[in-house]
Amino acid sequence: MIELKEDLIEPRAYQKTIAEVAARKNTLVVLPTGMGKTLIAVLVGVSRLQKYPGSKIMITSPTRPLNAQHKRSFERFTSIPADDIVLITGKIRPDEREQLYEEATVVAATPQCISNDLLTGRLNLAKFSFITFDEAHRAVSNYAYTRIAKKYMLQSEHPLILGLTASPGATYSKIKEICDNLFIKAVEIRSEKDVDVKPYVKPVEREWVYVELPEQFQRVKTLLESKLQESLQWLRQRHYLHTSRPTKKMLLALQKKVGKRYSNGSKSYANIWAMIRSAEAIKLEHAIELLETQGIPFLHDYLRKMQASKKRTDAGLMKDNRIKEALAIVEQLHSKGIEHPKLAKLRYIIKDLIAPEVKIIVFANYRATVERVRNILAAEGIAAEAFIGQATKEGKGLKQEEQIKILKSFRAGAFNVLVATSVGEEGIDIPSVDYAVFYEPVPSAIRTIQRRGRVGSQTAGKVIFLITKGTRDEAYYWAALHKERK
């Protein structure tokens, strides 16, 4: 008989209540990061295996480390033999995966792998009585979750779906899309303010630290924005755009739309120039963002790559006198080693907060920023480690084993500061910290909630936002806040 190891876990009241609902109908669970969503999946999973002896259960997450984490949860908290709990990834040979699906009781696997194996017939979900979709906010558009859910509802003899997320999104349409794609019949939401959750949430203070954009940065920004506005005005005058302040998302959508028209045979002069102008706008928007939020070294590298590029858009931009002048100023500042003022401010913040038992996580968007911050802190004698995503084809990144080793050392107190990219946001088992520092705000409510959730699940803490006045830092902070309120 499969059971919970009750001597090791004592589910909280809200976890039991939610699990009771989720055991009866397809449910979307919205819980703050660090509030034990995975345990709800374990509770429901065990009840399904008890109700349907001989059946199987599956949990799927976007990344291999997350799935490895879920595998460990089932090994630790249930009486299911460890050999019957398997982690399946694309690195395992197809014939071996097929055998593992057949023999396992619990399967933890990446959605791409499951989707591919369903397509080829290596996997049939008839015997699976329960599937958990972790980070369920991803179940939109063509993401693999939607294909798996459809196939599951068609194939399973006793289907039950659980979706887990810290935030399903800021709009009714997106939440409805997630619910439709996962065949959700009930939604269980808890926030830090709910009566049954509040006792387990520690107070989290917020602090905003502002820096000024230096005068020379402002000069470069003015030059880049002048060229950007020229491209945007061209697109507005010809009704490709209907706003003077489009977001990067709008520009990318426009580029895709015009490119599709061109591919389908509409090779008019206007469409060709619309592709060029939208590409220019995207590149200039990115250049300004690098200047405002990251600093001179980043913009220098970006402009030099454009200068060396053979692409028509890049060559056209680099011939513009405003861009030439901007590059000249950037090269001068770069030669002097000028950094973004946020770096100096961050150094002071960390030095002020650091103490033997204190744990701090610094979030930054770019791997190069993570490495720069880690090096600056190391130069001050502060023990810090970089935590980035897995290796790419270029060989940059951390292997899963390295990620696990770093987190284990952080938990054990071997170093005080973890400097992380977005890999530190989603689900992965990072210890609760005393302070979370946003090197730059992000416009996504989901990412903001996930970052902030690293603080306050076990001890009181503080979230610090580094913001450059009058820049995209400020705009992104307010955008995320408004979305979160929605």
Side-chain angles (χ1 to χ4, degrees), residues 22 26-31 33 37-38 41 57-70 87-91 97 101 107-125 128 130-156 159-185 187 247-250 252-253 255-257 260 389-390 392 421-428 442-451 480 483:
N26 293 354
T27 304
L28 177 67
V29 174
V30 183
L31 257 182
T33 301
K37 290 186 289 291
T38 302
I57 61 174
M58 178 182 286
I59 187 162
T60 176
S61 297
T63 64
R64 197 161 66 116
L66 273 174
N67 286 299
Q69 190 174 298
H70 291 313
L87 173 65
I88 294 180
T89 70
K91 293 186 177 182
R97 294 203 303 267
Y101 289 132
V107 172
T110 53
Q112 292 78 12
C113 193
I114 297 166
S115 182
N116 291 339
D117 288 342
L118 284 170
L119 195 66
T120 57
R122 281 188 286 269
L123 170 62
N124 187 291
L125 298 171
F128 285 82
F130 180 51
I131 288 188
T132 297
F133 293 94
D134 192 18
E135 309 298 347
H137 53 269
R138 290 176 176 247
V140 292
S141 303
N142 295 319
Y143 193 68
Y145 278 1
T146 61
R147 297 191 294 276
I148 296 166
K150 282 178 188 173
K151 205 77 170 175
Y152 177 60
M153 293 302 288
L154 286 169
Q155 292 182 347
S156 176
L160 185 71
I161 287 174
L162 174 65
L164 303 175
T165 181
S167 174
T171 63
Y172 174 81
S173 59
K174 184 176 180 185
I175 296 167
K176 187 178 185 301
E177 185 183 359
I178 292 165
C179 289
D180 289 345
N181 288 344
L182 296 183
F183 302 90
I184 296 300
K185 302 300 179 190
V187 180
T247 62
K248 192 188 290 185
K249 192 176 179 181
M250 288 178 192
L252 289 167
Q255 187 183 47
K256 187 177 179 181
K257 183 180 174 182
K260 197 173 180 180
Q390 293 188 47
T392 60
T421 57
S422 59
V423 72
E425 295 167 3
E426 200 168 62
I428 200 161
V442 287
S444 162
I446 291 171
R447 291 181 63 195
T448 301
I449 289 167
Q450 288 171 331
R451 285 183 175 192
K483 287 175 189 173

task: Quick one: pull up OG in Ser167 and CD in Glu135 and give me the separation to the nearest 0.5 Å.
output: 10.5 Å
- prompt: How close do Cys179 and Leu28 get, heavy atom to heavy atom, and via which atoms?
  reply: SG-CD2, 4.2 Å
statement: Residues passing the side-chain hydrogen bond (donor to acceptor under 3.5 Å, both in side chains) test with Tyr101, sequence neighbours excluded, are Asp117
Taking every non-hydrogen atom, the tightest pair across Ala144 and Ser115: CB-CB, 4.0 Å
- prompt: What is the distance from atom CG of Leu31 to atom CG of Leu164, rounded to the nearest 0.5 Å?
  reply: 8.5 Å
- request: Measure across Ala22 and Leu162 and return the closest heavy-atom pair with its distance rounded to 0.1 Å.
  value: CB-CD1, 3.9 Å
- prompt: Quick one: side-chain hydrogen bond (donor to acceptor under 3.5 Å, both in side chains) partners of Asp180, sequence neighbours excluded?
  reply: Lys176
- prompt: Which atoms form the tightest heavy-atom contact between Ala166 and Val30, and what is the distance?
  reply: O-CG1, 3.7 Å
task: Drop me the distance from Arg64's CZ to Ile88's CD1, to the nearest 0.5 angstrom.
output: 13.0 Å
task: Would you indicate whether the side-chain heavy atoms of Cys113 and Thr89 approach each other to under 4.5 Å?
output: no
task: Indicate yes or no: at least one non-hydrogen side-chain atom of Asn26 is less than 4.5 angstrom from one of Leu182.
output: no
- prompt: Closest heavy-atom contact between Thr110 and Pro62?
  reply: CG2-O, 4.4 Å
query: Does any non-hydrogen side-chain atom of Met58 lie less than 4.5 Å from one of Leu125?
result: yes
- request: Step through the shown structure and confirm whether more than 12 heavy atoms of other residues, nucleotides or ligands are within 6.0 Å of NZ on Lys257.
  value: no
message: Applying side-chain contact (heavy atoms from CB on, under 4.5 Å) to Leu118 and Arg147, what does each step give before you reach the verdict?
response: CA-CA 9 Å; Leu118 284 170; Arg147 297 191 294 276; over 6 Å; no
- prompt: Less than 4.5 Å apart, any side-chain heavy atom of Ile184 and any of Ile178?
  reply: no
message: For a 4.5 angstrom cut-off between non-hydrogen side-chain atoms, does Leu123 reach Arg97?
response: no
message: Once rounded to the nearest 0.5 Å, what's the spacing between atom OG1 of Thr132 and atom CD1 of Ile57?
response: 7.0 Å
field: Spacing of CD1 belonging to Ile59 relative to CG belonging to Leu87, to within rounding of 0.5 Å
entry: 11.5 Å
- prompt: Less than 4.5 Å apart, any side-chain heavy atom of Ser141 and any of Glu177?
  reply: yes
message: Looking at Val140, is its backbone amide N or carbonyl O close enough to the side chain of Thr146 to form a donor-acceptor pair, meaning the two atoms are under 3.5 Å apart?
response: no
- request: Ignoring hydrogens and angles, tell me if any N or O in the side chain of Thr120 forms a donor-acceptor pair with the backbone of Asn116 under 3.5 Å.
  value: yes
query: Rounded to the nearest 0.5 Å, how far apart are CZ of Phe128 and CD of Gln155?
result: 10.0 Å
- request: Kindly indicate whether the side chain of Gln112, heavy atoms from C-beta on, has any atom under 4.5 Å from the side chain of Tyr143.
  value: yes
field: Sub-4.5 Å side-chain heavy-atom contact between Tyr145 and Asn181
entry: no
